[in-house]
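Counting convention: from 1, in listed order, for ligands and their atoms alike. This is a predicted model, so every value here is computed, not measured. In this chain, numbering begins with 1 at the start of the sequence shown.
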Amino acid sequence: MSELIGTPTPGQPIYRVGEWSVWKVEERCVDSFAPAFLFPAWDEATAPPRTAWADASTTADEGRCLRLSIHSWVLRRPGQTVILDTGIGNGRERPGKAIFHQLATPYLSRLLASGVQPDQVDLVINTHLHTDHVGWNTHWLDGRWQPLFTRACYRFPAPELAHIRQHTGHLAAVWRDSVEPVVQAGLHQPIAFEPTVIAPGLTMVPTPGHTAGHMSLWLSSEGQHALFSGDVMHHPLQVLAPGLSSVFCDDPARASATRRAVLAELSERQALYFSSHFPGSSVGRVQAVGEAWRWVPV
Ligand SMILES: [Zn+2]
């Protein structure tokens with residue numbers, strides 16, 4: 001067993017995957033999306049029964065809305081600290097998007113309380129470059145946005161970087177405050193859109209659909225496996241109904257095909273799944289049930 005280096009915040013579970021310790025740093029929950037909004041193909045008549053997926057931890061507003069979490073994952077082994085996805089960030093101008101606009105959350109103090117000093121982080125991974133996955137890449141310091149993790153190498157999927165650089169819509173602000181400062185500081189390195197080992201035991205794989213360049217992280221250590229797959233899924237409901245793609249997915253059909261492939265691989269490898277937006281612990285396993293799957297939170 002390796003030494004546990006992180007000091008968890010009270011009540012914060014730490015998961016072990018081989019020699020790695022993994023824990024969540026929460027930014028905020030979002031309780032405002034009804035199933036029919038988040039999943040445009042939602043049909044109450046054909047949806048999985050509520051008893052199979054809806055409880056006090058997965059829904060809000062007396063079951064009318066889905067509960068989502070926005071958070072980072074910290075992965076640490078002796079001598080190496082990794083952060084996967086960096087939330088929304090404070091003080092961002094996201095007009096028309098209330099859940100992202102001008103936040104003032106205690107994310108940074110939670111990160112510190114969990115035992116992570118930003119200048120200790122070696123590697124920052126963004127699964128894709130949406131506003132809720134890149135925010136704490138930077139912080140506001142001395143009148144400008146600057147990289148928060150000053151000694152880290154930031155890894156972005158190459159197609160995501162190419163896309164956001166030339167985007168003139170809502171992603172332009174994300175580029176300016178959360179990605180461009182990292183690029184200008186020379187701290188980034190694109191990830192080729194193919195299975196790519198980025199550190200011992202850490203392999204990025206293409207998982208397109210939510211965005212064309214979306215990638216996921218497989219962690220393998222001492223015979224144990226875990227997957228961090230960003231926005232391949234937003235809610236445990238999608239384990240039961242993988243045909244439901246979110247309103248935020250660029251290519252719903254491709255997102256669904258990727259989701260099914262990911263679910264099959266998770267159950268085959270008996271891997272832990274560290275989700276980007278599932279509520280509660282946000283961690284669990286996927287069990288095959290005939291042609292379908294079920295979610296078993298851990
Ligand atoms: Zn997301």
Shortest non-hydrogen contact from Tyr273 toward Gly230: OH-O, 4.3 Å

2.8 Å cut-off met by an N, O or S atom of Asp231 to the Zn ion (ligand 1): yes

Looking at Asp132, pick out the N, O or S atom nearest to the Zn ion (ligand 1) and give its name. OD2

Please find out if the Zn ion (ligand 1) and some N, O or S atom of His130 are separated by less than 2.8 Å. no

All heavy atoms of His214 vs all of Ser216, minimum pair found to be CE1-OG, 4.0 Å

Can Arg92 and Thr131 be counted as having a side-chain donor-acceptor contact under 3.5 angstrom? no

Would you say the side-chain atoms of Ser72 and Trp136 include a donor-acceptor pair closer than 3.5 Å? no

Within the stated cut-off of 2.8 Å, is an N/O/S atom of His277 closer than that to the Zn ion (ligand 1)? yes

